[in-house]
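Everything numeric here is computed off the predicted structure, so don't read it as measured data. We count ligands from 1, going down the list as the structure has it; atoms in each ligand are counted the same way.
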Amino acid sequence: MSVFDSPAFESHEAVHAFHDAATGLKAIIAIHSTARGPAAGGCRMWPYPSDQAAIDDALRLSRAMSYKNAVADLDLGGGKSVIIGDSRTEKTPALFEAFGAAVEAVGGRYWTAEDVGVSPADLAASRRRTRFVAGLEGHPAASGDPSPITAEGIFRGIALCVRRAMQRDLEGVTVALQGVGHVGSILAGKLHAAGARLIITDVDEAALSAVARRTGAEIVPPGAIFDVEADVFAPCAMGGAISVETLARLRPRIIAGGANNQLATPEAGQALYEKGLLYAPDYVINGGGIINVAAEIRALEAGEAFDPSWVEAKLERLMGTLDEILGRSLAEARPTHAVANEIARARIAGGRG
Ligand code: NAD
């Protein structure tokens, strides 16, 4: 299959393949759109089974970043990079320097950051060869861990969904939370403080008991989270939590959580709509993290310090967009993810905001 035939190609502006013989680097940088500004999206290191799998993943993730950046009203386009390799055994500083040279070769049309398998220390090596790197530590523009702001956006998004679907605040509402990692554990604290009742699951026992101690949450095994009696299901673990199979079991009327790619298939989005569930589209409600990264890019470009008030203003605007999506879904009798995609595509077509 050629690059152009890949299901996620969908009018990508450019796809770059890099090979560095000295370090063994094999990387793809996919740029979906620069209509709203330089493309921004993290770098993932993964042992892909084939080059085609790496290209397909880069294209899928890059297009998703265009949508996420556009709904968050950032002056950034969408891009993503992947390094083919095992992050546990094949990482070297030289490899990430070579990756930095690859980013530099794209000439500022792509900003990289962390993603699965890539750490701030790796990016520090890349930074020796290019300035187009966000997510570093120890400088005035640094945005730090994005998880707290991601969790804050999800918390406000859940409150918004509860107000719309149940005409009440979070006091006494039951939330089934899947995954209490960086985002889920902070979200649990905020929901508990707002008076919500929590049912939590994770595959990490230590993380579970720490959150349960702090919040009084009820713990259930991972497979049981789809069967509990709750008002809200908040997926904050891996992608694909919402499938036609899990939808048949889920009882909450609201699905709102931080995980990326929650819908296992596009049909799942239609199916949950037909079941009468209110779904906060994942890339809208979890956009706090990319807003944080955008604040770092903005500060680096201007030679200024990181500005939390800019982040807060963007987060508030994002919640306004989420409210608009929920409202239009109701008024136009269409699934929320379809409305969100339409808003994103219109903003991308309209160029810089
Ligand atoms: P994390 O790795 O810290 O947490 C994920 C948690 O899910 C872990 O505790 C893990 O043990 C648990 N988990 C894995 N498989 C599970 C399963 N089958 N059942 C239950 N729990 C399971 O990651 P994170 O940073 O908290 O991110 C969570 C999700 O949010 C991811 O999908 C991520 O892509 C997305 N996201 C994160 C941010 C951010 O700022 N960190 C921003 C946007 C989106």
Self-check item: Donor on one side chain, acceptor on other, Arg345 and Tyr67, under 3.5 Å
Solution: yes

Quiz item: Are any of the side-chain nitrogens in Arg131 or Glu301 under 4.0 Å away from the carboxylate oxygens of its partner?
Solution: yes

Practice problem: Before giving the answer on side-chain contact (heavy atoms from CB on, under 4.5 Å), spell out for Arg298 and Phe306 the whole-Å C-alpha distance, their side-chain angles and the decisive distance to 0.1 Å. | Solution: CA-CA 8 Å; Arg298 184 175 171 270; Phe306 180 78; over 6 Å; no

Identify the protein atoms, limited to N or O, that lie within less than 3.5 Å of an N or O atom of ligand 1, and list each pair with its distance to 0.1 Å.
{"residue": "ligand 1", "atom": "3 (O)", "partner": "His182", "partner atom": "N", "Å": "2.9"}
{"residue": "ligand 1", "atom": "3 (O)", "partner": "His182", "partner atom": "ND1", "Å": "2.6"}
{"residue": "ligand 1", "atom": "9 (O)", "partner": "Asp202", "partner atom": "OD1", "Å": "3.3"}
{"residue": "ligand 1", "atom": "9 (O)", "partner": "Asp202", "partner atom": "OD2", "Å": "2.7"}
{"residue": "ligand 1", "atom": "11 (O)", "partner": "Asp202", "partner atom": "OD1", "Å": "2.6"}
{"residue": "ligand 1", "atom": "26 (O)", "partner": "His182", "partner atom": "N", "Å": "3.1"}
{"residue": "ligand 1", "atom": "26 (O)", "partner": "Val183", "partner atom": "N", "Å": "2.8"}
{"residue": "ligand 1", "atom": "30 (O)", "partner": "Gly258", "partner atom": "O", "Å": "3.2"}
{"residue": "ligand 1", "atom": "32 (O)", "partner": "Ala237", "partner atom": "O", "Å": "2.7"}
{"residue": "ligand 1", "atom": "32 (O)", "partner": "Asn260", "partner atom": "N", "Å": "3.3"}
{"residue": "ligand 1", "atom": "34 (O)", "partner": "Asn260", "partner atom": "ND2", "Å": "2.9"}
{"residue": "ligand 1", "atom": "40 (O)", "partner": "Thr150", "partner atom": "OG1", "Å": "2.7"}
{"residue": "ligand 1", "atom": "41 (N)", "partner": "Ser147", "partner atom": "OG", "Å": "3.3"}

Quiz item: Charged N to carboxylate O below 4.0 Å: is that the case for Asp115 and Lys80?
Solution: yes

Practice problem: Flag the pair Phe99 / Phe18 as yes when their ring centroid distance falls below 6.0 Å, and as no otherwise. | Solution: no

Quiz item: What about Val162 and Leu250, same hydrophobic cluster or not, with Ile/Leu/Val/Met/Phe/Trp/Tyr joined at side-chain heavy-atom distances under 4.5 Å?
Solution: no

